[in-house]
Amino acid sequence: MKKWIKFELAVVLFAIVMTSMESCKEKEIKENKDIALNEGTKTTIEKPKKKLSKEFKEYWYAGQAEITSYALEQPRYGQMRDGHAVLVFVTEPFSADKQVKADAHKSDNIPVLKLNSTKKYLTGVYPYSIMSSSFYPVHDNGHSVKITFSAQEWCGQVYAQLNNRDQFEVMSHSYFESEADQNLTLDKVTLENELWNKIRIDPKDLPIGNLKIIPSMEYVRLSHKELKSYNAKASLTDNGAESEYLIVYPELQRTLKIKFSTAFPHTIEGWTETFISGYGERAKTMTSRATKIKSIKSPYWQRNGNEHVSLRDSLGL
């Protein structure tokens, strides 16, 4: 009997030890997984770098930004509004880990072509001010490092930011309760915001055919659509001196057509965007249109004195 009791005790002790070992193993796996997630903070670059041409370097690394103004016809709440848009393209070094403009030279900095896109128009008595930014690798070897969007009007503010890490990490804030504060991750697919940068770098490599695309943050936020990828079809047409890049979103009943110069530096000549504007009985299909006014190159960050205000006249602003 005593031998049997000793045997049972030995079995129990063995089971306790094995359970403890398995528990530690599970904990170790979980901790390793957490560490892996926490270490995935740098920008993920998927492809080899493309070589920069001499003309690209001479144009984009001359210490100036390219600033282009557009006359804007913008639907909002089912009515057409007049305003203006500005596209500012400029190169800068970008921090791979912090994903902001780098203060100093580092070996892992990412050279990007930045696009700051602004729109301003009135809706009745109150103004809309919209800005989107896309930071895209000049070597055209990965998705945008970062996308940001903000809109201000008298009802409130909306802000969203996408960071390119192991996945697309998005945080969004809105004054609408149903949208409020959101944090989400998205699988990596084509970003509509980054396609404008790709046009300026290498339009021949634009994605075409049936695609999954995450629409622009401006459209998603102002139309109150879910931020996710949608089925789309893209096509590129060479019309000689000018080319067109067309994106059709069947589910959203929306199309975007970007017109640009076929030859380098592939300047954006204008665009149209067709979508449903307004809500309820006022909802109808309308088309936004941007028509180029003027394009200049300038180190605008140095033109910040009162004596420089008159320079806006050259842009028709």
Side-chain angles (χ1 to χ4, degrees), residues 68 70 72-76 81 83-89 112-121 128-136 143-153 157-164 168-174 176 179 182 184 186-201 203 206-207 211-235 244-260 268 270-277 285-290:
T68 308
Y70 303 83
L72 182 67
E73 301 170 61
Q74 180 68 42
R76 189 65 179 150
R81 322 291 178 160
H84 64 261
V86 177
L87 300 184
V88 181
F89 285 96
V112 301
L113 177 63
K114 176 177 71 175
L115 167 60
N116 283 337
S117 171
T118 66
K119 294 180 180 177
K120 291 183 182 293
Y121 53 89
Y128 261 78
S129 180
I130 295 171
M131 183 170 180
S132 301
S133 298
S134 177
F135 306 84
Y136 188 80
H143 291 292
S144 286
V145 182
K146 185 177 180 180
I147 303 286
T148 62
F149 163 75
S150 63
Q152 302 83 37
E153 36 97 1
Q157 302 179 62
V158 179
Y159 177 80
Q161 177 172 307
L162 179 150
N163 291 86
N164 179 357
F168 288 150
E169 299 177 1
V170 183
M171 66 95 170
S172 178
H173 302 284
S174 171
F176 287 107
E179 295 170 351
Q182 301 178 35
L184 63 150
L186 300 173
D187 290 335
K188 293 186 182 182
V189 297
T190 299
L191 295 158
E192 182 184 310
N193 285 90
E194 71 190 4
L195 294 171
W196 301 75
N197 306 67
K198 282 184 68 68
I199 287 174
R200 303 309 308 274
I201 296 172
L206 285 164
L211 308 166
K212 286 283 190 180
I213 302 180
I214 298 173
S216 72
M217 286 189 173
E218 176 187 348
Y219 171 77
V220 169
R221 292 297 83 185
L222 296 188
S223 62
H224 307 291
K225 300 293 185 182
E226 182 181 357
L227 181 59
K228 65 175 187 177
S229 63
Y230 292 84
N231 291 324
K233 186 172 184 178
S235 59
E244 295 179 350
Y245 187 58
L246 174 67
I247 308 170
V248 179
Y249 297 91
E251 181 182 347
L252 299 174
Q253 301 179 58
R254 174 175 176 256
T255 63
L256 173 66
K257 182 187 292 184
I258 307 172
K259 299 180 181 181
F260 61 95
I268 306 296
W271 65 88
T272 58
E273 180 187 1
T274 301
F275 56 96
I276 297 174
S277 179
T285 300
M286 302 184 72
T287 298
S288 171
R289 189 178 310 275

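Residues Phe149 and Val158 meet the side-chain proximity criterion, which asks for heavy atoms closer than 4.5 Å. In this structure, the side chains of Leu162 and Asn193 stay at 4.5 Å or more apart for every pair of heavy atoms. The closest side-chain heavy-atom distance from Pro207 to Leu195 is below 4.5 Å.
For the salt bridge (charged side-chain N to carboxylate O under 4.0 Å, His left out) test, no residue two or more places apart in sequence or in another chain qualifies with Lys259. Every residue meeting the side chain to side chain contact (heavy atoms under 4.5 Å, CB included) condition with Ser150, not counting sequence neighbours, appears here in chain and number order: Met131, Gln152, Tyr159. Residues forming a salt bridge (charged side-chain N to carboxylate O under 4.0 Å, His left out) with Lys146 (at least two apart in sequence, or on another chain): none. With sequence neighbours excluded, the residues that form a side chain to side chain contact (heavy atoms under 4.5 Å, CB included) with Pro203 are Leu206, Phe260, His266. Under the side-chain hydrogen bond (donor to acceptor under 3.5 Å, both in side chains) criterion, Tyr249 pairs with Glu192, not counting sequence neighbours. Here Leu186 pairs with Phe168, Val170, Leu184, Ile214, Leu227 under the side chain to side chain contact (heavy atoms under 4.5 Å, CB included) rule; sequence neighbours left out. With sequence neighbours left out, Thr274 forms a side-chain hydrogen bond (donor to acceptor under 3.5 Å, both in side chains) with Thr287. For Glu73, the side-chain hydrogen bond (donor to acceptor under 3.5 Å, both in side chains) criterion is met by no residue, not counting sequence neighbours. Shown here are the side-chain hydrogen bond (donor to acceptor under 3.5 Å, both in side chains) partners of Glu153, two or more places apart in sequence or in another chain: Tyr175. Residues that satisfy the side chain to side chain contact (heavy atoms under 4.5 Å, CB included) test with Lys225, not counting sequence neighbours, are Tyr219, Ser223, Tyr230, Leu252. The salt bridge (charged side-chain N to carboxylate O under 4.0 Å, His left out) search around Lys120 returns none, not counting sequence neighbours. Every residue was checked against the salt bridge (charged side-chain N to carboxylate O under 4.0 Å, His left out) condition with Arg289, not counting sequence neighbours, and none meets it.
Of the options Ser134, Ser132, Ser133, a side chain to side chain donor-acceptor pair (under 3.5 Å) to Asn116 is made by Ser133 and by none of the others.
Cation-pi geometry between Arg200 and Phe89 is met: the NZ or CZ atom falls under 6.0 Å from the ring centre, inside 45° of the normal.
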Test side-chain contact (heavy atoms from CB on, under 4.5 Å) on Tyr136 and Trp196; report intermediate values, then the result. CA-CA 10 Å; Tyr136 188 80; Trp196 301 75; over 6 Å; no
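Residues Glu194 and Val189 share a closest heavy-atom pair of OE2-O, 4.5 Å. Listed here is the closest heavy atom pair of Ala85 and Lys119: CB-CG, 4.1 Å. Contact between Leu246 and Lys257 at its shortest, heavy atoms only, is CD1-CB, 4.0 Å.
Defined by atom type and a distance below 3.5 Å, a donor-acceptor pair is present between the side-chain atoms of Gln74 and Ser288.
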